Amino acid sequence: MQATLGPGATRRLLKRLRDMMAAAGTAQQRLDRIVKIIADDLIAEVCSVYVMRAGQVLELFATEGLNPDAVHKTRLRVGEGLVGEIAQTARTLALADAQSHPNFAYRPETGEEIFHSMLGVPILRGGRAMGVLAIQNRTFRDYAEEEVEALQTVAMVLAELVASGELVSPDEMLRTEDAGLVASERIDAQRLNEGIAIGTIVLHQPRVSILRMVADDPAAEKKRLREAAQGMRSDIERIFADSGLAAGDERWEILETYRMFAEDRGWLQRIADAIDTGLTAEAAVQKVQEDNRARLAQVSDPYIRERVADFDDLANRLVRHLTGDKTAAARTDLPDDMILVARNLGPAELLEYDRRKLKGVALEEGSTTAHVAIIAHALDLPMVGHAQGLLARVEAGDPAIVDAVGGQIILRPREDVRDTFAAALRARAERRAGYAALKDLPAVTRDGTPVSLNMNAGLVIDLEHLAESGADGIGLYRTEIPFMIRSTMPDVVEQTDLYRRILDRADGKPVVFRTLDIGGDKLLPYLDAAPQENPAMGVRAIRLTLDRPAILREQVRGLLRAAGGRRLDIMFPMVAEVAEFDAARDLLDIEIAREAKRGRVLPDPIRVGVMLEVPALYWQLPQLAKRVDFVSVGSNDLMQFMFAADRGNPDVSERYDPLSPGMLGFLRAIARECDGAEIPLTLCGDMAAHPLEAMALLGIGYRRLSMPFPAIGPIKAMVRALDLPPLAKYLEELCRLADRSVRKKLADFARDHNIPV
């Protein structure tokens with residue numbers, strides 16, 4: 001028998017559940033009655049609820065139709081069986097023949113062998129699976145879309161009961177099995193912005209408890225929705241006004257994109273449609289956001305996936321207006337050493353916190369290209385992300401350490417661990433003070449060899465660090481980052497204004513502009529791109545802009561106009577052969593001629609270079625030398641291609657050491673080729689940012705390095721303590737070895753010669 005559920009039927013089911021959840025009795029008794037109601041309304045022989053317990057175990061808590069003796073005895077680990085798969089993926093499964101599915105796990109104590117079809121949905125709260133709700137039938141039943149939506153809506157209502165703590169104590173997740181005490185834990189994480197923070201956990205909890213899930217008057221709920229949406233927009237306008245930011249600032253661009261999300265009519269219409277199923281306005285907002293999160297998590301485009309945090313923020317603001325709870329997440333009663341913990345954050349949410357109290361951020365999700373990570377970089381705020389299971393393991397007030405250098409968060413650290421990190425933090429502060437004293441001193445080795453130390457940048461606000469770091473200039477300006485934080489492609493006028501402000505703030509110091517390095521893991525939301533099996537080696541950087549020459553022409557046009565009368569350095573990325581450089585240079589020459597014909601003042605001089613990231617280009621350096629004004633080695637991509645090791649894959653990204661004889665020998669060969677052709681050579685990349693690696697680079701012939709601004713002080717201290725001739729001689733020997741790495745030998749050399757690395 002096939003059921004057909006419309007909005008009216010779903011509303012009736014929700015009202016029955018509402019009455020049952022408010023009835024007398026224990027949570028277990030109410031749950032036992034609820035599964036009977038669901039099975040009856042959805043014409044299912046079985047309805048079961050599995051609840052998450054400590055250790056990522058799903059326990060059968062209630063059932064109608066299966067063997068009642070299996071309740072509290074049948075358990076599945078997350079990922080085990082169909083129920084475990086639903087919890088692991090947070091996705092619905094609708095199967096006409098569940099037993100033929102490869103993940104089907106038979107539990108004889110349940111008596112479920114006579115049931116063939118299954119519809120299972122995750123019970124979600126805050127994006128995490130807290131359990132699974134499933135129905136089963138004896139027949140090979142194809143569940144209708146209306147039935148799937150009805151069960152998802154019911155699961156959302158059930159989440160309130162599961163999250164109440166009446167079924168499973170919240171303390172259970174935080175206790176060790178043996179001592180029953182809160183344990184110290186270390187969670188691996190991804191560095192989103194480097195630094196160390198020690199402090200007290202503050203949970204970012206914008207979610208409001210929704211007390212009323214089911215509504216009787218959809219029209220009244222839609223009116224409440226419209227009024228709340230207007231209030232939310234007013235809030236966002238206030239954030240704009242209070243930010244003090246102006247158009248052109250990257251933080252302003254991020255907030256502008258965020259404001260556009262708030263005007264998304266499709267999003268608000270989906271909420272209105274959910275109200276029609278019988279939900280209150282706030283429950284409808286929650287349901288649509290859970291659907292959004294599940295859908296966007298499956299999208300391959302990382303930019304689109306990351307926008308779920310922005311929609312989470314908006315949904316939470318909207319619910320606050322609906323419930324009348326105007327308490328800001330960034331409240332005033334916060335500790336002075338707060339470590340903010342969240343599943344994810346929108347950029348506006350982070351800006352609302354008191355920067356004087358906020359010491360670090362740890363996210364269960366997040367990525368380096370998310371808007372909030374860009375804001376953290378601008379604030380020089382230690383931040384880690386991808387800390388899996390973080391929210392299930394912390395409580396507000398817990399002490400914690402955010403180690404955004406080592407890529408970890410330590411919860412409830414032992415006193416000795418805390419003391420170690422506190423000492424490291426003090427030493428870090430002392431070193432920074434010492435490096436600041438070196439700011440105006442030249443980067444010259446003890447034997448008198450000058451070294452040029454330059455800064456990497458990607459935002460206008462990075463230029464604030466140029467003077468304080470004492471850098472000689474900007475050795476690498478990543479022009480793609482401003483493109484990535486916008487929702488539309490900036491036109492020539494906007495690009496011209498941006499590049500002019502960069503040159504103005506550089507105040508005469510040279511700036512090397514790298515043309516767009518997009519593609520791979522850096523995608524633009526407004527630029528259609530076909531999926532690629534290996535994007536790092538696919539259509540990206542110069543390949544993409546040569547395929548779409550209008551993008552490159554508009555960018556160099558903006559650069560030419562911005563630098564009129566001043567020096568302009570342009571660098572083309574990921575060039576694999578001379579022909580690619582020639583094609584890019586031809587487009588630049590067309591734009592130079594175009595600007596001259598229109599009577600515009602041209603930059604003087606115009607220097608054109610190439611980024612050597614693809615090993616093949618090394619063997620064409622003699623031909624390239626006749627065409628370029630400078631070469632910059634991109635060590636990150638070069639190492640990736642040298643060792644065929646995807647730098648985004650943690651299983652292989654650290655398998656090979658840049659301080660291997662092979663890598664050093666190749667880098668030395670590049671330096672010698674450029675030196676012989678009298679081409680200025682710079683190395684931009686991770687190698688330049690670490691004193692030991694930078695010392696090795698100097699020893700094999702590099703005299704210009706570009707790095708993030710915090711690295712300039714440590715590198716300058718190393719340079720001023722270094723005597724180059726003995727190091728260069730020692731490296732000649734090391735490059736002939738067959739060792740996997742010469743890191744320890746170089747570290748021993750530095751220690752023996754009192755070189756701070």
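Any value given below was found using the heavy atoms of this structure, including those in side chains, with hydrogens, waters and symmetry copies removed. All of these numbers come straight from a predicted model, not from anything done at the bench.
- Expressed to the nearest 0.5 Å, how far CD1 of I43 lies from CD1 of I38 amounts to 14.5 Å.
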Evaluation steps, side chain to side chain donor-acceptor pair (under 3.5 Å), between N137 and E45 | CA-CA 5 Å; N137 288 85; E45 280 95 15; 3.0 Å; yes
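- Contact check on R107 versus E80 returns a salt bridge, with a Lys/Arg side-chain nitrogen under 4.0 Å from an Asp/Glu carboxylate oxygen.
- Between the CG atom in L151 and the CD1 atom in I135 there is a gap of 5.5 Å [rounded to 0.5 Å].
- In the displayed structure, E113 atom CD is contacted under 6.0 Å by more than 12 heavy atoms of other residues, nucleotides or ligands.
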Could you give me the CA-CA distance, side-chain angles and deciding distance for L42 and L119, then say whether side chain to side chain contact (heavy atoms under 4.5 Å, CB included) is met?
-> CA-CA 11 Å; L42 295 183; L119 170 60; 5.9 Å; no
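- Heavy atoms of other residues, nucleotides or ligands lying less than 6.0 angstrom from CD of E166 number more than 12.
- Side-chain contact annotation: S117 with Q136, donor-acceptor N/O pair under 3.5 Å absent.
- Taking CD of E112 as the reference point, atom CZ of F115 lies at 8.5 Å (rounded to 0.5 Å).
- Using a 4.5 Å heavy-atom cutoff, the side chains of V168 and F61 are in contact.
- A donor-acceptor pair under 3.5 Å is absent between the side-chain atoms of E160 and the main chain of V157, judged by distance alone.
- A donor-acceptor pair shorter than 3.5 Å can be found between the side chains of E85 and N103.
- For R77, the CZ atom counts as loosely surrounded, since its 6.0 Å shell holds 12 or fewer non-hydrogen atoms of other residues, nucleotides or ligands.
- Taking both residues in full, the closest heavy atoms of V35 and T63 are given as CG2-C, 3.8 Å, listed atom of the first, atom of the second, then distance.
- In this structure, E227 does not pair ionically with R224, as no charged nitrogen and carboxylate oxygen lie closer than 4.0 Å.
- Between V341 and V202 the shortest side-chain heavy-atom distance does not fall below 4.5 Å.
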Salt bridge (Lys or Arg N to Asp or Glu O under 4.0 Å) evaluation trace for D216 with K15 = CA-CA 9 Å; D216 297 315; K15 288 177 182 178; 3.3 Å; yes
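- Note that the CD1 atom of I187 and the CD1 atom of I409 stand 6.5 Å from one another [nearest 0.5 Å].
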Under the salt bridge (Lys or Arg N to Asp or Glu O under 4.0 Å) rule, what do D273 and K222 come out as? Steps first, then yes or no, please.
-> CA-CA 9 Å; D273 291 343; K222 289 180 181 178; 5.9 Å; no
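- Distance check: M20 CE to R33 CZ gives 5.0 Å after rounding to the nearest 0.5 Å.
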Derivation of the side chain to side chain contact (heavy atoms under 4.5 Å, CB included) call for V132 and V121 = CA-CA 6 Å; V132 172; V121 300; over 6 Å; no
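- With rounding to the nearest 0.5 Å, the separation of CG in L390 from CG in L363 is 8.5 Å.
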Would you please test M130 and L124 for side chain to side chain contact (heavy atoms under 4.5 Å, CB included) and show each step?
-> CA-CA 6 Å; M130 306 186 69; L124 299 171; over 6 Å; no
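- A salt bridge does not link K73 to E109: none of the charged side-chain nitrogens sits closer than 4.0 Å to a carboxylate oxygen.
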How far apart are the C-alpha atoms of E147 and R141, what are their side-chain angles, what is the distance that settles it, and do they pass the salt bridge (Lys or Arg N to Asp or Glu O under 4.0 Å) test?
-> CA-CA 12 Å; E147 294 174 299; R141 175 174 169 181; 2.3 Å; yes
Could you walk me through whether L161 and L31 pass the side chain to side chain contact (heavy atoms under 4.5 Å, CB included) test, one step at a time?
-> CA-CA 9 Å; L161 178 61; L31 190 62; 4.1 Å; yes
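- Judged purely by distance below 3.5 Å, without hydrogens or angles, the side chains of E59 and H72 pair a donor atom with an acceptor atom.
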